[in-house]
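Quick caveat: nothing in here was measured; it's all calculated off a predicted structure.
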Amino acid sequence: MEKSGLEALLKEMSLTEKIEQLIQLHGNFFGGAELLTGPEAEFNLAEGTPLRIGSVLGERGAEKLHKLQDEIMANQPHHIPAVFMTDVIHGYETAFPVPIAIGSSFNPKLAERLAEAAAKEASAAGIHVTFSPMVDAAKDSRWGRCMESTGEDPWLNGQFAAAMVRGFQGEDYGEKGRMASCVKHFAAYGAVQSGRDYNVTEISERTLLEDYLPPYKAAVDAGVSMVMTAFNTINRIPCTINEHLLRDILRKEWGFDGVVITDYGAINEVVIHGSSENKKDAAEKAIKAGCDIDMVTDCYSSYLEQSVREGTVSESLVDEAVMRLLELKNNLGLFENPYKDGSPEDEEKYCFCEEHRELSRKAQEECTVLLKNNGILPLSVKQKIAVIGALADDKEIIGTWALFADKLKTVTLKDALERLYPEAEIEYVLSDSDTEKAALAAENADAVIIALGENQNYTGESRSRADISLFPEQKILFDRVYSVNKNVVTILFGGRPLAVPNEAERSAALLEAWLPGSCGCYAVADILFGKVNPSGKLSMSMPYCTGQLPLSYITFSTGRPKPDGAAEFIPFISNYMDAPNVPLYPFGYGLSYCETEYSAVWLDKDKMTSDDKITAFVRVKNKGYMPLKEAVQLYITDEKASVVRPTRQLKGLRKISLEVGEEKTVSFEITAEMLKFYDINMNYTAENGKFIVRIGGSSLTENKAEFWLEN
């Protein structure tokens with residue numbers, strides 16, 4: 001439909017119809033549940049009330065959604081189709097590794113491919129919009145939603161955000177196999193105090209602008225169709241009614257002209273925050289702030305029309321919101337085909353298809369992070385091996401937000417080992433509490449694989465933890481196994497970095513497998529036996545202990561810094577009495593089975609101006625015995641500035657492949673734009689002075705060169 005057609009449609013709609021377009025209800029309202037709870041219960045709809053709404057949350061299935069679409073359009077005076085939205089976070093029926101694992105691939109192109117596959121499955125099932133990517137910077141492992149983020153770094157999260165938007169939407173999200181993308185949670189939800197879900201956020205404006213907003217901006221620049229507000233406050237104002245955030249920054253500064261939707265029940269929650277007097281007041285503040293869709297509350301449906309009639313809300317604000325939603329529907333092609341790609345035949349063809357199962361496996365090859373190896377890995381099929389721990393045969397390792405994946409189809413580590421390496425002599429003890437049986441198996445083995453950590457029930461939304469060390473029974477199990485056999489390979493499952501200093505120190509090898517999705521354990525098995533060379537890098541720093549949190553490699557020099565390499569406690573400087581300052585394993589860190597040699601960094605020149613650029617180079621060589629993939633990372637340090645600057649920041653990334661003995665030259669272009677920050681007067685600029693360029697395999701690299709910015 002042409003824009004003029006949408007404008008004509010809007011003019012014909014009554015105020016009631018317009019507001020109905022701004023309502024999103026869960027599929028439960030359409031007979032999916034006998035009892036409605038939470039915000040849903042407050043609608044108090046009489047039986048038989050025709051539901052005329054703009055969008056539906058959480059339903060799927062082509063045949064079901066065809067019928068639902070017919071019902072909604074029949075009830076609507078102008079027969080406007082609804083948009084079907086849901087969370088397709090890391091796959092649809094085929095679950096891919098969770099986002100924190102995808103971040104550890106350090107490969108945005110992989111994330112784009114995974115989003116494309118997820119869109120193909122979900123769109124075949126009749127879904128039009130996914131609430132993904134989630135780009136909140138995650139710096140606190142206590143926060144359960146770490147698993148939904150691609151990590152702690154704003155630049156890297158931005159690369160993944162743009163890649164996933166491209167993967168979901170393609171060049172035109174109205175095309176077959178594509179879907180609209182909604183970035184979330186705007187903004188800075190990862191900075192909730194104490195790592196506790198739904199908590200408040202207290203950060204400075206400079207921190208917000210530099211450390212938290214860039215990934216959302218990257219998604220907007222990539223053409224994301226929707227933005228979801230966050231539950232938290234910014235400057236003590238809930239994001240859902242924060243005009244500065246939603247209108248000044250998102251719409252005016254960034255030029256976003258798409259749809260803004262609240263998170264679940266968020267407008268009603270601003271009353272509970274204490275920032276609105278009642279639901280009517282909350283609805284008025286939300287529409288004025290720029291929230292277009294009210295997700296599952298009755299704030300808009302019960303009060304917004306009254307506010308317009310009374311003159312406290314301009315109808316033009318409602319018109320703007322409705323037009324944005326109509327444009328979304330038009331871009332999806334729903335006026336021509338209300339069902340879009342929904343097709344029972346395509347569901348059967350694409351959902352959990354062999355191609356996507358193989359993609360799930362291949363993705364995990366790049367997401368698994370080898371943190372320690374004293375030479376015990378790779379294992380040999382000629383060894384006698386004990387596999388210990390309940391997580392080795394737990395099917396709930398696909399991730400909390402794999403809402404539509406059948407967990408019964410999950411390939412566990414035990415499944416993968418049995419199917420791929422049947423000739424290996426392996427004894428399994430799959431109970432964490434059966435320590436004596438585990439000790440007996442370990443005592444008779446050449447090597448022990450012990451699976452520890454969390455399954456998906458302990459990570460995700462509303463799964464914050466005050467203590468992120470291993471569960472007590474797992475510590476006891478490890479200690480007992482280690483007491484009889486020191487050849488322990490520890491595999492960590494979970495959606496967050498755990499604090500495992502004692503287990504890491506005593507393990508012969510340590511592997512972070514995250515929550516690997518439907519078929520990811522095939523990749524873990526192949527890494528254990530050396531068929532695949534691990535290439536993952538930590539996208540979140542792994543803490544030494546919970547007390548270090550929040551934690552990030554992006555740190556700032558204090559007036560009393562602890563000397564590099566100093567292990568002991570030193571009075572009257574910035575350090576702990578009972579723990580190191582540094583993480584157990586830092587951001588960007590990860591080993592392979594091969595030695596990767598970096599040459600010294602060199603630059604094509606050592607001075608640049610604001611309209612110039614410098615190229616940095618390094619040679620990388622595979623000195624090992626098998627092919628490898630290496631995430632070559634560029635970090636920049638601004639030595640002196642008008643405000644304190646981070647000690648280093650990731651500003652470039654190249655994921656390269658090297659054959660045995662192969663050497664490649666990797667280059668990075670450095671521009672003044674990469675050096676900008678908010679100065680002492682809050683101007684976004686690059687200041688003259690010395691900069692340090694570091695290039696290497698982790699955030700710890702000291703392989704460096706220097707240049708000067710001069711204007």
Side-chain angles (χ1 to χ4, degrees), residues 14-26 28-29 35-46 49 51-57 184-187 189 192-193 196-202 227-248 250-251 259-322 324-325 462:
S14 68
L15 177 58
T16 300
E17 288 178 71
K18 293 174 186 177
I19 293 173
E20 288 169 344
Q21 284 296 301
L22 308 183
I23 309 305
Q24 180 168 101
L25 297 179
H26 197 279
N28 289 345
F29 279 93
L35 178 65
L36 299 177
T37 60
E40 301 169 349
E42 299 179 12
F43 280 82
N44 295 320
L45 295 172
T49 300
L51 291 174
R52 304 187 331 198
I53 57 174
S55 58
V56 176
L57 167 69
K184 63 183 186 184
H185 307 85
F186 193 64
Y189 191 31
V192 285
Q193 285 187 344
R196 198 172 73 241
D197 224 347
Y198 317 118
N199 205 0
V200 298
T201 298
E202 283 287 338
V227 171
M228 179 186 288
T229 64
F231 287 122
N232 56 284
T233 57
I234 294 291
N235 197 25
R236 303 191 183 181
I237 302 170
C239 293
T240 304
I241 60 170
N242 196 315
E243 286 194 49
H244 176 62
L245 190 65
L246 300 180
R247 290 205 179 271
D248 296 341
L250 179 63
R251 296 211 184 275
V259 173
V260 172
I261 186 171
T262 76
D263 206 336
Y264 197 102
I267 296 182
N268 184 51
E269 290 182 17
V270 305
V271 179
I272 305 170
H273 271 290
S275 55
S276 288
E277 183 179 356
N278 49 42
K279 289 183 179 182
K280 182 172 181 288
D281 181 44
E284 292 176 0
K285 288 178 177 176
I287 195 73
K288 289 177 181 178
C291 281
D292 301 319
I293 298 179
D294 177 3
M295 185 192 286
V296 195
T297 83
D298 67 333
C299 294
Y300 279 7
S301 63
S302 297
Y303 303 101
L304 195 52
E305 185 168 348
Q306 179 185 352
S307 296
V308 174
R309 303 291 186 201
E310 293 173 350
T312 53
V313 170
S314 169
E315 188 169 353
S316 65
L317 287 179
V318 175
D319 288 350
E320 290 174 8
V322 174
R324 285 191 283 263
L325 184 57
S462 190

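- Judged purely by atom type and a 3.5 angstrom limit, R247 uses its side chain to pair as donor or acceptor with the backbone of K288.
- Going from atom CD1 of I287 over to atom CD1 of I241 covers 13.5 Å, rounded to the nearest 0.5 Å.
- In this structure, OG in S301 is found 8.5 Å from NZ in K279, a value given to the nearest 0.5 Å.
- Residues Y303 and D298 bring no donor and acceptor atom of their side chains to less than 3.5 Å of each other.
- Listed here is the closest heavy atom pair of A282 and S276: CA-OG, 3.5 Å.
- Residues passing the side-chain contact (heavy atoms from CB on, under 4.5 Å) test with S14 are T16, E17, sequence neighbours excluded.
- In terms of heavy atoms, V296 sits closest to H26 at CG2-N, 4.2 Å.
- A pairwise comparison of heavy atoms in K18 and V322 identifies O-CG2, 3.3 Å as the closest pair.
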| Stepwise, does the salt bridge (charged side-chain N to carboxylate O under 4.0 Å, His left out) test hold for R251 with E320? | CA-CA 13 Å; R251 296 211 184 275; E320 290 174 8; over 6 Å; no
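- Residues forming a side-chain contact (heavy atoms from CB on, under 4.5 Å) with A283 (at least two apart in sequence, or on another chain): C299, Y300.
- At least one donor-acceptor pair under 3.5 Å links the side chain of T262 to the backbone N or O of M295.
- Here the OG1 atom belonging to T240 is positioned 7.5 Å from the CG atom belonging to L246, to the nearest 0.5 angstrom.
- Rounding to the nearest 0.5 Å places CD1 of I293 at 10.0 Å from SG of C291.
- When atom types are taken as modelled, the side chain of N242 and the backbone of I234 share a donor-acceptor pair closer than 3.5 angstrom.
- The backbone N or O of F231 sits less than 3.5 Å from a side-chain atom of H273, completing a donor-acceptor pair.
- With 3.5 Å as the limit, one finds a donor-acceptor pair spanning the side chains of T201 and N232.
- Interatomic distance, OG1 of T312 versus CG of L304, reported as 8.5 Å (0.5 Å rounding).
- The line from CD of E284 to CG of L317 is 11.0 Å long, rounded to the nearest 0.5 Å.
- Contact of the L22 side chain with the V318 side chain is registered, since non-hydrogen atoms from C-beta on lie closer than 4.5 Å.
- In this structure, N199 contributes its side chain and Q193 its backbone to a donor-acceptor pair below 3.5 Å.
- At least one donor-acceptor pair closer than 3.5 Å links the side chain of K285 to the backbone N or O of S275.
- Other residues, nucleotides and ligands place no more than 12 heavy atoms under 6.0 Å from the CD atom of E277.
- When side chains are defined from C-beta on, V260 does not count as touching F186, because their heavy atoms never get closer than 4.5 Å.
- Contact record, D292 with R324: OD1-NH2, 2.8 Å, taken as the closest heavy-atom pair.
- Side chain of N235 to main chain of I237: no donor-acceptor pair is present (N/O by atom type, distance under 3.5 Å, no hydrogens or angles).
- The shortest distance between side-chain heavy atoms of L15 and R309 falls below 4.5 Å.
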